[in-house]
Visitor: 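Next up is a structure, given as structure tokens.
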Amino acid sequence: MNAVALAAEQVPERHYTHHEGRGPTPHRSNPVVIHRELATLDLQPHMRVAEYGTGSGYSTELIARLVGPTGEVTSLDIDAYLTRWASLIHHERGLDNVRCYTADGTAGFRERAPYDRVVAWCTPALLPKAWTDQVADGGLIVAPLPIADVPNMTVVAKVRLRGGEPMVEAVFTGGYIEATASPKGDLDLPGRWVDWENRVPGPSWISLAWRAQDDRLHTGARSALDRLLNAAHTEPYEGGDVDVDWPSWRTFAAALGNPQLTMAGLRPDLWAIGHSTTESAAVIQQDGVILADSPDSPSLHRQAGRMGAQQRGDGGLLRGRRRLGGQRHDRGAVGPTAGRGRRRSPPE
């Protein structure tokens with residue numbers, strides 16, 4: 001049994017996620033994934049760790065136990081409600097090596113830097129310069145980063161700092177909700193890159209990689225979303241169980257680098273990936289249903305080509321795409337949203 005598993009035996013997850021004083025919180029992640037990220041972080045006694053995304057406070061206690069009483073954990077979240085409750089629960093459980101702060105995580109926290117390790121439970125627009133500046137030489141960052149300029153197209157990267165320069169050592173499938181500049185109430189709506197949103201008669205949204213070509217009234221986004229909501233053509237995908245392998249499909253779609261890439265949420269908790277233009281739209285949903293504006297849709301034809309390539313394994317899943325935050329790492333960039341987000345992972 002590894003160190004993370006041993007620590008988890010001492011930390012009651014449900015005490016944090018369903019605390020009787022605070023009540024249940026949706027700001028949490030699958031403990032299996034939390035344990036994976038912490039194992040990747042290679043935490044050792046005495047280390048100083050920055051955590052961006054306090055959430056329920058469960059992962060914070062795990063980190064605190066892994067670094068021991070001589071270590072130090074700094075946990076940040078944009079939501080004061082979360083940091084206040086986490087601080088209280090940590091105090092009640094006798095943790096003296098943890099401090100939670102309400103702050104913008106993408107700006108880091110210089111007051112307690114440098115850090116040996118950084119872990120993030122939210123996705124910045126790109127790897128923040130503040131994080132790399134505040135990590136000691138040889139230190140590690142484990143964080144979700146975008147690989148396309150639409151929501152939910154992310155990987156989890158293990159990044160080592162050498163001489164102040166970040167080097168990607170490993171990439172894993174997965175991701176967490178986008179970092180935002182303020183507490184976010186609607187956890188089904190992405191925190192970044194939503195180009196049009198409907199709230200009536202029901203919630204729906206769309207994100208276009210080609211937003212720069214749209215007009216100021218978002219006519220392209222509105223039209224594409226309308227075509228999908230009123231799809232004239234539907235069919236089941238017969239190439240396999242897409243619902244089960246959604247993370248691989250979304251990563252493959254992002255790796256293709258198609259400028260017409262489209263992500264949509266046509267119903268709560270049911271995301272879709274596809275292709276759109278000013279004249280056509282087609283997506284495949286997590287449940288394996290394909291939607292298009294017509295049986296002869298150019299977008300449907302392009303989508304079918306992508307799915308065929310993914311089945312054949314064409315293109316090399318991440319070949320030539322080892323980027324940080326959807327672009328090459330910019331030492332001067334912090335990211336346009338510059339805020340902390342929610343702990344809940346996007347639907348897998």
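These numbers were taken from a predicted model, which means no experiment stands behind them.
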Visitor: Starting from the C-alpha separation in whole Å, work towards a yes-or-no answer on side chain to side chain contact (heavy atoms under 4.5 Å, CB included) for Trp249 and Arg306.
Guide: CA-CA 10 Å; Trp249 164 242; Arg306 288 181 184 175; 3.8 Å; yes
Visitor: May I ask you to decide if Ile78's main-chain N or O and Ser182's side chain share a donor-acceptor pair within less than 3.5 Å?
Guide: no
Visitor: Return each pair, listed once, that meets salt bridge (Lys or Arg N to Asp or Glu O under 4.0 Å) where at least one residue sits in residues 295-305; pairs must be two or more places apart or across chains.
Guide: none
Visitor: Would you mind listing every ring-ring contact (aromatic ring centres under 6.0 Å, His included) that reaches into residues 143-167, with sequence neighbours excluded?
Guide: none
Visitor: Listed by chain and number, what are the ring pair (Phe, Tyr, Trp, His ring centres under 6.0 Å) partners of Phe172, not counting sequence neighbours?
Guide: none
Visitor: Assess whether side chain to side chain contact (heavy atoms under 4.5 Å, CB included) is satisfied between Asp195 and Asp214, documenting all intermediate values.
Guide: CA-CA 9 Å; Asp195 296 298; Asp214 206 355; 5.7 Å; no
Visitor: Is any side-chain heavy atom of Ser207 closer than 4.5 Å to a side-chain heavy atom of Val194?
Guide: no
Visitor: Would you say the rings of His19 and Tyr58 are close, in the sense that their centroids are separated by under 6.0 Å?
Guide: no
Visitor: Heavy-atom distance under 4.5 Å between the side chains of Thr262 and Val150, does that happen here?
Guide: no
Visitor: Below 30° counts as parallel, above 60° as perpendicular, anything between as tilted: where do the rings of Trp271 and Trp205 land?
Guide: perpendicular
Visitor: Would a 4.5 Å heavy-atom cut-off, applied to side chains only, mark Thr74 and Arg99 as touching?
Guide: no
Visitor: For residues Leu300 and Ser294, report the shortest heavy-atom separation together with the two atoms involved.
Guide: CD2-O, 3.8 Å
Visitor: Met263 versus Pro190: any side-chain heavy-atom pair under 4.5 Å?
Guide: no
Visitor: Thr123 side chain to Tyr176 main-chain N or O, any donor-acceptor pair under 3.5 Å?
Guide: yes
